[in-house]
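First up is the structure itself, then whatever we jot down about it.
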Amino acid sequence: MSLMIHNTLTRQKEVFQPLDDKRVTMYVCGPTVYNLIHIGNARPVVVFDMLFRVLRKQYPNVVYARNVTDVDDKINQAAKDNGEAIAEVAGRFVSAYHEDIAALNTLPPTVEPFATDHISEMIDMMSTLIELGHAYAAEGHVLFHVPSMADYGKLSGRNQEDMIAGARVEVAPYKRDAADFVLWKPSTEDLPGWDSPWGRGRPGWHLECSSMIEKHLGETIDIHGGGQDLIFPHHENEIAQSQCAHGGKEYVKYWMHNGYITIDNAKMSKSEGNFFTLRDILAQAPGEAVRYALLNGHYRKPLDWSEGTLEQSKSALDRLYKALELAADVTVSDGVEMPEAVMAALEDDLNTPLALSELHALATALNSAAELPEKSQLKAQLLVAGQFMGLLTENAAEWFKWSANSDGLSDADIDALIEQRQTARKDRDFARADEIRDELKAQGILLEDTAGGTKWLRE
RNA sequence: GGCCGAGUAGCAAAGUGGUUAUGCAGCGGCCUGCAAAGCCGUUUACAUCGGUUCGAUUCCGAUCUCGGCCUCCA
């Protein structure tokens, strides 16, 4: 079975064939670090982490680059408001971002380039584009001249007439064509800037990705990913810059875009204010439950984030952890391979919901298996498959004790009450035993009497 | 206006031209002091209207509804 990927460029699923199977290259647009990331920003991080994991399994060398945009007008504004340098604002939110996504069990990318470390590469690319007649300088700006590229718009399926008809912004007087976009813009004294042949200025948004990809991955890469809202104009403009700077050479073989997260079926976005930060969500549930929620829908479909979303994911994971807990004393078989059904689901354009259902099938099989060799095998498969997907990395017993806050009963308090209940049960004082159980339940603690003693979990 | 996507049972969510998705919830049974958990069984589906077909939720066409991009945005 080979990896199938839905390519935005062709709007079809295609067999993935890397340019060089000794070095597979993938790039994903990362965050602009001017505040905490929200759950919508976390979706591509988790989705492409899953892809990275699949690719690493199939190819010996996968170079995964995910950038950080650390210069941008929103960062500039935040820095100005706080009276600090943009590097301080960016530094603070990069750390927060790293912490937040680590909680989702995402692997670090191979390279994490920062925009401000690549100003000279950007200047070089602009010089090339100007030389080749694809860009021009005007009033301190450098602009990409869209009509200089014959097939501009192929990713988003637009043509120039559409764009002019749909233009909702005033066209700046220095633009030769309404569709031209900014590569470089001048900075006044109070704004961060870098010296360039066109004066002191700062880069436009699209240029950094083209420059960093060229530097770290090459002129043509295998996979480029990001959210659907980046298709136009961001990725379209990246294609324009890179393809034109490289004499028409193909920029990206496979474009992949994840759907957005919605709230009440409306797109979550920072500018609309209808968003939940990942940090807030992580206070309500374990990171794995958040990861599960993101993987429980197919990456190309919209995912509505509602009140029950986390709860449902937590319950589904509880079931998997329960199977592991029931098999706690079963030794795990050595050298167990990834179960084929799980791998096949993931290879089919990352069908994570199907892969997760296979995890449940393994849990059911493990729960009902009677013989030890079979149990060892199934437990191993569940762990291998789950951990491949970045799940089931916790100790099962600890998982059920997860608590959103430190209020309420401590683990020791609970154990003490359970002890009292055990005594009551031994004395066949079931009224007292049930009373204690009800008291605990009122505090969100559920009990299970098993052969190995009484177990408890937090709801 | 142009382009793109979605509509599956109470909820979430896969998938398929004819056979159980899966999880949560519900119901019945086993188990249990009673529960819980687990196991077994089970009830609710494929927006609407046409067409193709022996047969369509699945293919084709139309319609309706919802959402997104065209401007910073994952």
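Naming convention: chains lettered A, B, ... in sequence-line order (proteins, then strands); numbering from 1 in each chain.
For RNA chain B, the neighbouring residues in residues 67-78 of chain A, judged by any heavy atom under 4.0 Å, are A/K74. Contacts between residues 430-437 of chain A and RNA chain B, defined by a heavy-atom separation under 4.0 Å, are made by A/F430, A/D434, A/R437. Near-neighbour residues of RNA chain B inside residues 441-450 of chain A, defined by a heavy atom below 4.0 Å, number-ordered: A/L447, A/E448, A/D449.
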What would the secondary structure line of RNA chain B be in dot-bracket form, counting Watson-Crick and G-U wobble pairs under 3.5 Å, with [ ] for pairs that cross earlier ones and | for pairs with another strand?
(((((((..(((.....[...))).(((((.......)))))....(((((..]....))))))))))))....
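Pairs of residues two or more places apart, or lying in two chains, never qualify as salt bridge (Lys or Arg N to Asp or Glu O under 4.0 Å) while including a residue from residues 362-374 of chain A. Pairs passing the salt bridge (Lys or Arg N to Asp or Glu O under 4.0 Å) check and including a residue from residues 377-387 of chain A, sequence neighbours excluded, do not occur. Note on residues 414-423 of chain A: pairs passing salt bridge (Lys or Arg N to Asp or Glu O under 4.0 Å), not counting sequence neighbours, are A/R421-A/D449. The stretch residues 306-315 of chain A participates, sequence neighbours left out, in these salt bridge (Lys or Arg N to Asp or Glu O under 4.0 Å) pairs: A/K314-A/D318.
A/S210 is linked by a side-chain hydrogen bond (donor to acceptor under 3.5 Å, both in side chains) to A/Q241, A/S242, counting only residues two or more places apart in sequence or in another chain. Scored by the side-chain hydrogen bond (donor to acceptor under 3.5 Å, both in side chains) test, A/S313 finds no partners at all (sequence neighbours excluded). The ring pair (Phe, Tyr, Trp, His ring centres under 6.0 Å) check on A/W399 picks up A/Y321, with sequence neighbours excluded.
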Under 4.0 Å protein heavy-atom contacts per nucleotide of nucleotides 19-30 of chain B, with B for base, S for backbone only and - for none:
--BSBS------
